[in-house]
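Side chains included, hydrogens not; waters and symmetry mates left out as well; all remaining heavy atoms used. The structure presented is a predicted model; accordingly, all values stated were derived computationally and were not measured.
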Amino acid sequence: MSNQKSKRSDPRAHSRLVVDGPKQAPSRAMLRAVGFTEADFGKPQVGIASTWANVTPCNMHIGDLAKQAAAGADAAGGKSVIFNTITVSDGVSMGSPGMRYSLVSREVIADSIETVVGAEGFDGVVAIGGCDKNMPGCAIAIARLNRPAVFVYGGTIRPGAKRRDIVAVFEAVGGHAAGKVSDAELLDVERTAIPGAGSCGGMYTANTMASAMEALGLSLPGSSAQEAVSDSKHHDSRRAGEAVVRLIEQGIRPSDILTRKAFENAITVSIALGGSTNAVLHLLAIARAARVKLSLDDFTRIGKRVPVLADLRPSGRYLMSELIAIGGIQPLMKRLLDAGLLHGDCLTVTGRTLAENLAGVDDYPSGQDIVRPVGDPLKKDSHLVVLYGNCAPEGAVAKISGKAGVRFTGRGRVFDGEERATRAILDGKVKAGDVVVIRYEGPRGGPGMREMLSPTGAIMGRGLGKDVALITDGRFSGGSHGFVVGHASPEAAVGGPLALLRSGDVITIDAVARSIDADVSRAEWARRKRAWRPRKPYATAGVLAKYARVVSSASDGAVTD
């Protein structure tokens, strides 16, 4: 452990209240039926939160990883109890009404893990996630509970034939609509892009959030850069079970790890890897759960000095498996630390500091071109650009690699909802020079802030990636690229500026000036505002309606607490 003081406390502070003494005989009777022995009642209990489900390749293998984590906790002197929470598949639901439930699931997952751990009196937690929303959902629950915990990433998928992945399928759909991809070619891409278990293979949201979680200190070193189907991932899961028992014994809690500096490290690593815009949304939400002050402007402040180093998809050339083959993200983090861009004194789940974890890490092999040196970056500052202006006075988040330019001016093509926009793109009605505006897709308006991979994939597939911009109050899959701006706040559903835009309005997006403005006078804005009326809610009952009533703005992380 580092020279930080160990805060040893009762390792059974929570489980003791459930299983000790004559009064708790009924509790013990129930637990005996699920496999507890007499000796187990004297051990710290470790909840293994598994996100196993057969609804998505991202999570189809996590049941086995949960068993490994449980075995590790038991071997280290704890008593493991495996339980499940839900997951949904973004890749399956993308482009459909079902995608409205994706961001909602983050909150359901966080609530459910908190509920089980709190109800059962677990002394520690291992949470295992493999898809976009269950990962931050796990982290939010860990932060709220503030009990010793380790997060395990389920791991990335191996490449499909011809280095294909899920984004190749979405872009093939656009190519098919443009006549560039035949029926047979589209079917071949569909059949070969997803070869088995694991999260989507580029630096999309899952791999971005896994890397951010490791940078936060919530995962063991190397956890974020392992293939789902590998001995290393099994070993990582078992070690996580062992590690959480040590954390319980040492009294190290998430509040000791999830500091302001740790979140700055997570932002830095996400930028250096060219990660997903969803990292902004999720890190804001996790920070709120951890009671750490974090805002959109922190991404701008850090982004001005942190370069993009990794040439990874969607904007770059390489897949996560190819980064793993040269050493993963640990050498990149060591480079950032040596350049003074990471806080090395942050505590991690190893019980050591980040700097101590990285001390023995070797650099990448010579000749590799996946990760650039800090002094010779792909982009000298962040690709995640926070924009302000009359289209987004509370902020919007752009993903600007620079490959499609840094400034775009065009006439707006306004669509109420994703389906109408996607249909227009596929039908060839969106032309070069257009700024596609997709509104009423925000946290409340969607509800659920759907990801716009279908329209952005269609734009790229039709060859318009450098000629068309897209603005939305929804969000983007980590697989989206091009000149795209999401999270526009306040959203259209509450009368935000996107609700007032009209087709034909001239809109300028400037990544250098960090602005997003429509050429509309204040008087005209005011007139349109007076004439605007709220739309009828998409849902009036059930979880979507409940979510829409309580969710905050995207600029605050779209949280429900």
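- Between I271 and G303 the shortest heavy-atom distance is CD1-CA, 3.7 Å.
- In summary, the side chains of E214 and S224 do present a donor paired with an acceptor at a separation below 3.5 Å, with no hydrogens or angles considered.
- The pair K133-D90 counts as a salt bridge, with a side-chain nitrogen and a carboxylate oxygen less than 4.0 angstrom apart.
- A pairwise comparison of heavy atoms in N357 and V361 identifies O-CG2, 4.0 Å as the closest pair.
- At a cut-off of 3.5 Å, with distance as the only test, no side-chain donor of Y204 or N278 sits close to an acceptor on the other residue.
- Expressed to the nearest 0.5 Å, how far CD1 of I302 lies from CG of D381 amounts to 13.5 Å.
- A salt bridge links R301 with E264: at least one charged nitrogen is closer than 4.0 Å to a carboxylate oxygen.
- Ion pairing between a basic and an acidic side chain is recognised when a charged N comes within 4.0 Å of a carboxylate O; D188 and R164 show such pairing.
- Separating the CD1 atom in I48 from the CD atom in Q68 is a distance of 11.5 Å, to the nearest 0.5 Å.
- One distance of note links CG of L258 with CG of L347; it measures 10.5 Å at 0.5 Å rounding.
- No salt bridge links D123 with K79; every basic N to acidic carboxylate O contact stays at or beyond 4.0 Å.
- Under 4.0 Å is where a charged nitrogen must lie from a carboxylate oxygen, and between D74 and K43 no such pair does.
- The pair R335-D363 counts as a salt bridge, with a side-chain nitrogen and a carboxylate oxygen less than 4.0 angstrom apart.
- Atom NZ of K399 is separated from atom OG of S382 by 11.0 Å, given to the nearest 0.5 angstrom.
- For S102 and R475, the side-chain atoms include at least one donor-acceptor pair closer than 3.5 Å.
- In this structure, the separation between CD1 on I166 and CD on E190 is 9.5 Å, given to the nearest 0.5 Å.
- In summary, of the residues considered (D256, T259, T353), a side-chain contact (heavy atoms from CB on, under 4.5 Å) with C346 occurs for T259 alone.
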